[in-house]
Asks: 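This is the structure I have questions about; it appears just below.
One is the number of the first residue; the rest follow in order along the sequence. Atom set for the values below is all heavy atoms of this structure, side chains included, hydrogens, waters and symmetry mates excluded.
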Amino acid sequence: MSSLSFRLSRGVLSTISPPIPHAKSWGVGYKPTKTRPLLDMSQGVPGTPPSKVLLDALSHSSSSPGSSGYCHVLGEHTLRSSFAEEMKTVYGPDIDITQDDIAITAGCNMAFVATVMCLADPGDEIILPVPWYFNHQMSLNLLGIKTVPLYTRANEGFLPSTSDCEKLINPRTKAIALVTPNNPTGAIYSPDLVSKFAELAQKHKIALVLDETYRDFVDIMPPHTLFSPFQTEVSKSSWSWRFNVIHLFSFSKSYSFPGHRLGLIAASPDLLKHITTTLDCLQICAPRPPQLALASPGLLPILRQSIQASAQSLKIRHNIFRTHLPPGWTIGSQGGYFAFVRHPFVGIPAITLCQRLAEELGVLALPMQFFCDDSVGFELESLGQSKMDWERWIRFSVANVSDDMVKQVCGRLHECEQHLGLTAE
């Protein structure tokens with residue numbers, strides 16, 4: 001029973017509790033030993049510290065008295081300018097991006113909230129592919145914006161369909177929000193698929209919000225061609241990405257410093273005028289020391305080398321996970337930080353298995369139930385998927401563990417039948 005004498009908002013009461021602390025609470029019941037530590041593959045967090053050159057720059061910027069004050073609400077001019085150039089290394093030298101298109105935020109979740117506050121009113125709708133990134137759905141719910149689920153198919157690698165999406169669009173629809181590489185599934189959306197969603201959004205005069213937090217961890221570059229005026233199908237109709245595309249990015253993963261809370265919005269200056277209003281109320285400005293550190297002359301090109309090394313390490317770790325996963329455990333999609341895996345125990349919901357894995361075998365991972373609505377059922381059947389199979393998927397993060405720990409996790413998954421008394425199909 002609550003001790004509060006006042007009523008809480010319907011928004012916060014109807015929003016799920018944060019899933020990561022929920023999962024980590026399961027691990028409290030595990031008794032680790034030196035030879036069997038708790039193995040955490042639950043959270044998408046970098047497993048290595050920032051490079052020394054970045055740490056040195058952070059030390060210098062943090063100790064400067066000038067970094068303690070406010071900066072412009074859209075971020076340090078020097079970082080906005082240098083990062084517009086840095087984006088050319090990812091999307092190509094001819095992309096149409098300038099510093100005037102960029103806003104720096106206190107993390108990518110802040111970028112998402114500040115953006116959707118400009119796009120939709122309470123009662124409006126935003127389409128999210130399912131499984132969805134839970135913080136996106138939670139933010140929409142808190143704002144009174146209706147999340148419309150766009151169900152994906154396991155047998156298609158959890159890639160969203162533009163034809164399915166178009167059926168969901170109505171006069172209340174304000175945006176489609178995509179995450180690629182995806183969280184939680186790891187699915188990597190092809191440049192062609194991204195372009196088709198941009199075309200769909202433009203056709204219906206709605207926004208396409210494109211969260212590319214994990215964009216640096218893919219094999220094929222560029223991730224898409226929307227920023228290149230002469231390389232995308234959409235551009236044939238005199239289209240500009242600024243008409244309806246809103247790009248989001250997180251510095252946390254690529255630069256391995258999530259605690260410093262930096263994110264980015266790339267959008268039309270006409271939209272950034274209004275995002276200035278939401279950001280001024282939400283953050284005043286993003287943290288200055290990490291902005292000034294990243295804007296140090298010549299630093300971003302140097303850090304690109306460490307980003308590429310991290311991407312290669314992740315690729316190796318994904319291969320290790322795929323190779324050592326026990327028979328019957330099926331990878332549906334894999335990429336970025338994550339692998340999405342169906343466990344082999346029919347009739348056992350992933351949320352039940354994940355709790356037992358944590359408490360009894362010392363393995364933390366996140367179940368499908370954290371990435372979808374409880375009302376899943378009829379929609380799945382219409383797509384040829386059973387609710388029972390849907391509930392068996394688990395997200396594993398390969399980023400914050402070592403290669404050896406990945407092997408240990410797979411070894412403990414081998415123990416499920418013997419130690420948990422479960423029978424695989």
Side-chain angles (χ1 to χ4, degrees), residues 87 91 97 101-121 124-150 152 159-162 165-166 168-170 172-185 187-189 191 193-215 223-224 226-227 232 234 239-250 263-279 282 336 371:
M87 288 179 71
Y91 298 100
I97 289 276
D101 301 313
I102 290 177
I104 306 299
T105 63
C108 195
N109 279 339
M110 177 71 78
F112 181 80
V113 171
T115 296
V116 297
M117 287 177 71
C118 292
L119 299 179
D121 293 308
D124 287 337
E125 300 181 357
I126 291 180
I127 297 171
L128 300 185
V130 183
W132 55 44
Y133 173 44
F134 45 72
N135 280 135
H136 284 176
Q137 189 275 337
M138 292 166 69
S139 296
L140 295 180
N141 196 71
L142 285 167
L143 293 169
I145 301 167
K146 181 180 178 181
T147 300
V148 176
L150 169 60
T152 58
L159 296 173
S161 161
T162 51
C165 185
E166 187 162 26
L168 302 174
I169 297 173
N170 63 57
R172 295 185 301 277
T173 307
K174 301 302 180 182
I176 305 163
L178 305 180
V179 182
T180 177
N182 189 255
N183 180 3
T185 68
I188 298 170
Y189 301 174
L193 182 59
V194 173
S195 289
K196 287 179 178 177
F197 269 100
E199 291 177 28
L200 178 64
Q202 177 65 9
K203 175 183 175 181
H204 292 276
K205 299 295 187 288
I206 60 177
L208 175 64
V209 180
L210 195 59
D211 183 333
E212 296 187 78
T213 291
Y214 304 95
R215 66 153 193 232
H224 58 76
L226 297 185
F227 298 134
T232 174
V234 187
W239 176 88
S240 166
W241 71 269
R242 293 182 184 86
F243 291 170
N244 69 314
V245 173
I246 304 164
H247 161 85
L248 308 182
F249 176 70
S250 169
L264 176 146
I265 302 169
S268 166
D270 288 336
L271 176 62
L272 292 186
K273 287 190 304 183
H274 302 288
I275 286 177
T276 297
T277 300
T278 57
L279 286 178
L282 293 170
F371 305 104

Asks: Kindly indicate whether the side chain of Leu272, heavy atoms from C-beta on, has any atom under 4.5 Å from the side chain of Ile265.
Replies: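 Answer yes - side chains close enough.
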Asks: Which value, rounded to the nearest 0.5 Å, describes the distance between Asn183 atom CG and Asp211 atom CG?
Replies: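 With rounding to 0.5 Å, CG (Asn183) is 8.5 Å from CG (Asp211).
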Asks: To the nearest 0.5 Å, what is the distance between CZ on Phe112 and OG1 on Thr105?
Replies: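 OG1 of Thr105 is found 12.5 Å from CZ of Phe112.
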Asks: Looking at every non-hydrogen atom in both residues, tell me the closest pair between Thr173 and Leu168 and how far apart they are.
Replies: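 For Thr173 and Leu168, the tightest heavy-atom pair comes out as OG1-O, 3.7 Å.
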Asks: Is Phe249 close to Ile102 at the side-chain level, that is, under 4.5 Å between some pair of heavy atoms?
Replies: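 Sidechains of Phe249 and Ile102: no contact.
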Asks: Check whether any side-chain heavy atom of Phe197 lies under 4.5 Å from a side-chain heavy atom of Leu226, and answer yes or no.
Replies: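 When only atoms from C-beta onward are counted, Leu226 and Phe197 do not touch, as no gap falls below 4.5 Å.
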Asks: To the closest 0.5 Å, what do you measure between NE2 (His136) and CG (Leu248)?
Replies: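 His136 atom NE2 to Leu248 atom CG measures 6.5 Å (nearest 0.5 Å).
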Asks: Would you name the heavy atoms of Leu159 and Ala187 that are closest together and state the gap between them?
Replies: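 Heavy-atom minimum between the residues: CD2-CB, 4.0 Å.
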Asks: So does Val130 get a backbone contact from the side chain of Thr152, meaning a donor-acceptor N/O pair under 3.5 Å?
Replies: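 Indeed, once roles are kept as given, a pair shorter than 3.5 Å links the two residues.
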Asks: Between Asn182 (side chain) and Val179 (backbone), is there a donor-acceptor pair under 3.5 Å?
Replies: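 A pair under 3.5 Å: yes.
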Asks: Report the C-alpha separation of Thr185 and Phe371 in whole Å, then their side-chain angles, then the decisive distance to 0.1 Å, and conclude whether the side chain to side chain contact (heavy atoms under 4.5 Å, CB included) test is met.
Replies: CA-CA 10 Å; Thr185 68; Phe371 305 104; over 6 Å; no
Asks: Any side-chain heavy-atom pair from Pro223 and Tyr91 closer than 4.5 angstrom?
Replies: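 Side chain of Pro223 against side chain of Tyr91, heavy atoms only: contact under 4.5 Å found.
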Asks: Report the C-alpha distance between His247 and Leu264 in whole Å, list the side-chain angles of each, state the deciding distance to 0.1 Å, and finish with yes or no for side chain to side chain contact (heavy atoms under 4.5 Å, CB included).
Replies: CA-CA 8 Å; His247 161 85; Leu264 176 146; 3.8 Å; yes
Asks: Write down the atom of Trp241, the atom of Trp239, and the distance for their closest heavy-atom approach.
Replies: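 In this case the closest contact between Trp241 and Trp239 is CA-CH2, 3.2 Å.
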Asks: Between Pro269 and Asp101, is there a side-chain heavy-atom distance shorter than 4.5 Å?
Replies: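 Touching, per the 4.5 Å side-chain cut-off.
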Asks: Under a 3.5 Å distance rule, please check whether Thr278 uses its side chain to pair with a backbone N or O of Met117 as donor and acceptor.
Replies: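 No.
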Asks: Who are the side-chain contact (heavy atoms from CB on, under 4.5 Å) partners of Ala120, not counting sequence neighbours?
Replies: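 Applying side-chain contact (heavy atoms from CB on, under 4.5 Å) to Ala120 gives Asp124, Ile126, Ile145, Lys174.
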Asks: So, taking the atom named CD in Glu166 and the one named CG in Leu200, what distance separates them when rounded to the nearest 0.5 Å?
Replies: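 These two atoms lie 5.0 Å from each other.
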Asks: Show, in sequence, the C-alpha distance, side-chain angles and deciding distance for Asn244 and Ile206, and conclude whether the side chain to side chain contact (heavy atoms under 4.5 Å, CB included) test is met.
Replies: CA-CA 7 Å; Asn244 69 314; Ile206 60 177; over 6 Å; no
Asks: To the nearest 0.5 Å, what is the distance between CG (Leu178) and CH2 (Trp132)?
Replies: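 Between atom CG of Leu178 and atom CH2 of Trp132 there are 14.5 Å.
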Asks: Calculate, to the nearest 0.5 Å, the distance between atoms CG and CG belonging to Leu271 and Leu119 respectively.
Replies: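 These two atoms lie 6.5 Å from each other.
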Asks: Any side-chain heavy atom of Gln202 within less than 4.5 Å of one from Leu208?
Replies: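 Gln202 vs Leu208: side chains apart.
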Asks: Evaluate the criterion side chain to side chain contact (heavy atoms under 4.5 Å, CB included) for residue pair Gln137 and Leu128; output intermediate values, then yes/no.
Replies: CA-CA 8 Å; Gln137 189 275 337; Leu128 300 185; 4.1 Å; yes
Asks: Any side-chain heavy atom of Glu125 sitting closer than 4.5 Å to one from Asn170?
Replies: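 Yes. Closest side-chain heavy atoms under 4.5 Å.
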Asks: Does some side-chain heavy atom of Asn141 sit less than 4.5 Å from a side-chain heavy atom of Thr147?
Replies: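 No, side chains not in contact.
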